[in-house]
2 protein chains.
Amino acid sequence: MAFVNQNEILQSLIQDQLVSDPASARGRLLKEAATLFRDKGYERTTVRDLAAAVGIQSGSLFHHFRTKEEILKAVMVETIRLNTAVMQAAADQVDSPQGKLRALIRAELESINGQTGEAMAVLVYEWRSLSDHSQGEVLELRDIYENLWLSILEELSQSGRLAADAFIVRRMLTGALSWTVTWYRPERGGLTLDGLTDQVMAMLGFVDGHAALS
Amino acid sequence: MAFVNQNEILQSLIQDQLVSDPASARGRLLKEAATLFRDKGYERTTVRDLAAAVGIQSGSLFHHFRTKEEILKAVMVETIRLNTAVMQAAADQVDSPQGKLRALIRAELESINGQTGEAMAVLVYEWRSLSDHSQGEVLELRDIYENLWLSILEELSQSGRLAADAFIVRRMLTGALSWTVTWYRPERGGLTLDGLTDQVMAMLGFVDGHAALS
DNA sequence: GACAATACCAAGCAAGCGCTTGGTTTGTAA
DNA sequence: TTACAAACCAAGCGCTTGCTTGGTATTGTC
């Protein structure tokens, strides 16, 4: 199936029970949790904060989740699942490696700075609040996501269009793109998402603005 | 004065009371605090943890610092002071803008992954644990530090040797370089600090390996 | 050797934490 | 209407938290 927009992808994942419906009680809680975890940090966010955000008593949370950490893990797992699907779809819509790279960068910037931004920030900055066991589970999902990037970067590297090592470029991009959440404010005018994507591509030595569409 | 190594700079700052002597009680505490804050996060680190790390009772901490947050702020303030001086010295030892950029990148990578790495990580990832007022104070110091980078990047940009915008490149570098702390392990062999610096320079389009020395 | 000032200890307080418990309401289907 | 599970409330338990207090060593100075 070739998905076009993010909403179709989301519906499909909900169907397969891989992510929670944002309209359900569980989904709404995860959404609020992501926002609170990003704004205040996991540790500073109390179960009373979480409960108040969805309008229930703190004890009632534990009917939906066994522990507070399980909430954090759920935010992370569902975020990776959704974004892996979104990125895959973005890359599939373009043919050239350079175009695929641009699509990935744009899609990740959109994830980080758009609707799922809160959850993405949690994924990056609340990593060590997870227990070792949970970290392992999340790590497995992350590997799938990362391989999406690496296969494309290595293709560009081998054809000589990328000056630095593929692994290292991906790691640099991980840091650089996730960091945008701390400073990029598209709503204040100035730089659009496409403009920002162009800047990142330019930094990597791809200077021809909007990438080849085919 | 032209400083050569990091130790001379440190001694000078200690003299001026801008950073604590690592041999003093206060300095040792800040060192341990930085390590704990990085490993467990500020919130998860208790005053009892901090006290145990330096071998005193938890109550005795409050003879040196009024609050736990004051410890966090001190770690950040002293780290910025030291690193601003270190970076300034690194840039001053080279003449060409490209050489200065390489020196800054190398020095920041060294700060992040070397002796002061714990404190640098705290500076990046524990930002929101500071009160608003403290954030303001730290921000002022950060501006000085950032201007060091911007003046050099803008020079490169205006002479056409940098494809992307100077502000954006700096922000990308901030994210990319600080992220290295999560994956770069020089002690396991493989990539040296100079090698990593070369990779970053290559990513930015500066491909001539070790930069001009003059 | 007197005398502060500094550095520390031992004990514990008040508040907030994650989570449990026993019981009530709400939704669903026969 | 009855039956039953899912969703929720009200209360609070046991524990940890940052920080305070009153007192005791240790250190530097003349």
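Naming convention: chains lettered A, B, ... in sequence-line order (proteins, then strands); numbering from 1 in each chain. Quick note: numbers below take in every heavy atom, side chains included, and nothing from hydrogens, waters or symmetry partners. Predicted, not measured: the structure shown is a model, and the values here were computed from it.
- Nucleic acid contact for B:Ser58: base, since at least one base atom lies under 4.0 Å from a heavy atom of the residue.
- Summarising the geometry, the separation between CG on A:Leu36 and P on C:dC17 is reported as 13 Å, rounded to the nearest angstrom.
- Salt bridge status for B:Arg44 with B:Asp39: absent, with no side-chain N to carboxylate O gap under 4.0 Å.
- Applying side chain to side chain contact (heavy atoms under 4.5 Å, CB included) to B:Leu82 and the options B:Val86, B:Thr79, B:Ile80 leaves one that passes, B:Val86.
- For A:Ser60, taking side-chain heavy atoms from C-beta onward, the closest of the listed nucleotides D:dC8, C:dC9, C:dC19 is D:dC8.
- Straight-line distance from the CZ atom of B:Arg66 to the P atom of D:dC19: 11 Å, rounded to whole Å.
- Rounded to an integer number of Å, the gap from NZ of A:Lys40 to C1' of C:dG16 is 12 Å.
- Note: A:Tyr125 and B:Tyr125 have tilted aromatic rings, judged against thresholds of 30 and 60 degrees for the angle between ring planes.
- Nearest to the side-chain atoms of B:His64 among the listed nucleotides C:dG18, C:dA7, D:dC8 stands C:dA7.
- For the pair A:Lys68 and A:Phe62, the cation does not sit on the ring face, since its NZ or CZ is not both under 6.0 Å from the ring centre and inside 45° of the axis.
- For A:Leu50 and C:dG18, the CG to C1' distance is 11 Å, given to the nearest whole Å.
- Spacing between atom CD1 of A:Ile56 and atom C1' of D:dA10 amounts to 14 Å, rounded to whole angstrom units.
- In this structure, A:Arg44 places its CZ atom 21 Å from P of D:dT16, rounding to the nearest Å.
- The listed nucleotides are D:dG18, D:dC8, D:dA10; the one nearest the side chain of A:Gln57 is D:dA10.
- Distance B:Asp49 CG to D:dT17 P: 7 Å, rounded to the nearest Å.
- Counting any heavy atom pair closer than 4.0 Å across all strands shown, B:Thr46 reaches sugar-phosphate atoms only and no base atom.
- Side-chain proximity of B:Phe62 to the nucleotides D:dT20, C:dG18, D:dA10 is greatest for D:dT20.
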* Give the intermediate values and the outcome of salt bridge (charged side-chain N to carboxylate O under 4.0 Å, His left out) for residues B:Glu108 and B:Arg170. => CA-CA 12 Å; B:Glu108 193 165 282; B:Arg170 171 52 190 156; 3.3 Å; yes

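- In this structure, the CZ atom of A:Phe65 is 11 Å from the P atom of D:dA7, given to the nearest Å.
- Scanning atom types as modelled, no donor and acceptor separated by under 3.5 angstrom connect the side chain of A:Arg48 and the base of C:dG16.
- Proximity of A:His63 to the phosphate of C:dT20: no side-chain N or O atom is located under 4.0 Å from OP1 or OP2.
- Nucleic acid contact for B:Thr45: sugar-phosphate only, since backbone atoms but no base atoms lie under 4.0 Å from a heavy atom of the residue.
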